[in-house]
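Before any comments, here is the structure.
Every heavy atom of this structure was used, including side-chain atoms; hydrogens, water molecules and symmetry mates were not. Heads up: numbering here begins at 1 and tracks the sequence.
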Amino acid sequence: LGPLSTPVAGTPAGLTANAGDGTVTLSWNPSVNATNYIVERSTSLTGSYQVIATNYSTLTFTNNGLANGTAYYFTIAAINPAGESPASAPVMAQPTSPLPPQLSGILVSGNSLQLNWPADHAGWQLQMQTNAPGAGLGTNWIDVPASTFTNQMQLPINPNAGNTFFRLELE
């Protein structure tokens, strides 16, 4: 308890993060007895969190100037004259460039194909479609699992598959 038996502010809940081009916007629910909030950020879930905003009075915060393709973790704590609450559960967001990337560094090794795209475009979804020999591009695109978490995918080559096409799409 603080002055005049004021209880410490409650831990913030409902923290969400939305990533954009070099930016992450956070929002959260109001905390019981909170007068202000503290925003913290890390590039590791379990790493050292740095305070990036103190005495913040609204329920949204935008962090600009972030590196596209880097995963950022955020927590919020509430404060009042009695003290600081425990930090909220962390949320992760990864800013991504909206400019269309080019697949680059395509490597073939044995029965494997490696596709690369710029690191600042991690967060884009790699999609593929396979069509019968002689058939062109169709509409049967499928998402390559886990491709939004990286900028490089290793895929098996099936010589009997026909034509295989790839594209990147912003999630």
### Query
Linking I/L/V/M/F/W/Y whenever any side-chain heavy atoms sit under 4.5 Å apart, do Trp117 and Leu99 land together?
no

### Query
Looking at residues at least two apart in the chain, or sitting in another chain, which of them share a ring-ring contact (aromatic ring centres under 6.0 Å, His included) with Tyr56?
Phe61

### Task
Please determine, by modelled atom types, if Thr23 and Asn64 share a side-chain donor-acceptor pair under 3.5 angstrom.
yes

### Message
Rounded to the nearest 0.5 Å, what separates atom OG1 in Thr60 from atom CG in Asn18?
### Response
11.0 Å

### Task
Not counting sequence neighbours, which residues clear side chain to side chain donor-acceptor pair (under 3.5 Å) with Ser27? List them please.
Thr16

### Message
For Asn151 and Asn116, which I'm curious about, is there any donor-acceptor pair between the side chains at under 3.5 Å?
### Response
no

### Query
If Ile, Leu, Val, Met, Phe, Trp and Tyr residues are connected whenever their side-chain heavy atoms lie under 4.5 Å apart, and connections chain through other members, are Ile142 and Ile157 in the same group?
yes

### Message
Is the shortest side-chain heavy-atom distance between Leu126 and Phe166 below 4.5 Å?
### Response
yes

### Query
Roughly how far, to the nearest 0.5 Å, is the NE2 atom of His121 from the OG1 atom of Thr150?
14.0 Å

### Task
Not counting sequence neighbours, which residues clear ring-ring contact (aromatic ring centres under 6.0 Å, His included) with Trp28? List them please.
Tyr37

### Message
I'd like to check Asn68 versus Asp21 (side-chain heavy atoms, cut-off strictly below 4.5 Å). Are they in contact?
### Response
yes

### Query
Are Arg41 and Leu66 close enough that some pair of their side-chain heavy atoms sits under 4.5 Å apart?
yes

### Query
Is it true that Val24 and Ile52 fall in one hydrophobic cluster, defined by side-chain heavy atoms closer than 4.5 Å?
yes

### Query
Sub-3.5 Å donor-acceptor pair from the side chain of Ser112 to the main-chain atoms of Pro156, do we have one?
no

### Query
Taking the side chain as C-beta and beyond, is there a heavy-atom pair between Asn63 and Leu26 under 4.5 Å?
no

### CG on Leu15 to CZ on Phe74, rounded to 0.5 Å
9.0 Å

### Query
When Ile, Leu, Val, Met, Phe, Trp and Tyr are grouped by side-chain heavy atoms lying under 4.5 Å apart, directly or through other members, which residues fall in the same group as Val51?
Ile38, Ile79

Scan the side chains in residues 82-93 for donor-acceptor partners under 3.5 Å anywhere in the protein, sequence neighbours excluded, and list what turns up.
{"unit_1": "Ser85", "atom_1": "OG", "unit_2": "Ala78", "atom_2": "N", "d": "2.9"}
{"unit_1": "Ser85", "atom_1": "OG", "unit_2": "Ala78", "atom_2": "O", "d": "3.4"}
{"unit_1": "Ser88", "atom_1": "OG", "unit_2": "Ile76", "atom_2": "N", "d": "2.9"}
{"unit_1": "Ser88", "atom_1": "OG", "unit_2": "Ile76", "atom_2": "O", "d": "3.4"}

### Query
Does Leu137 reach the side chain of Gln129, with side-chain heavy atoms less than 4.5 Å apart?
yes

### Message
Does any part of the side chain of Met128, heavy atoms only, come nearer than 4.5 Å to the side chain of Thr130, both counted from C-beta?
### Response
yes

### Message
Using only atom types and a distance under 3.5 Å, with no angle test, would you say the side chain of Ser42 pairs donor to acceptor with the backbone of Ser48?
### Response
yes

### Task
Taking all heavy atoms of Thr96 and all of Gln94, pick out the closest pair and write down the distance.
OG1-O, 3.2 Å

### Message
With heavy-atom distances below 4.5 Å as the criterion, would you say the side chains of Gln114 and Gln152 are in contact?
### Response
yes

### Task
Please tell me if the side chains of Val144 and Leu155 come closer than 4.5 Å, counting only heavy atoms from C-beta onward.
yes

### side chain to side chain donor-acceptor pair (under 3.5 Å) contacts touching residues 133-147 (sequence neighbours left out)
Gln125-Ser147, Gln127-Asp143, Asn131-Asn140

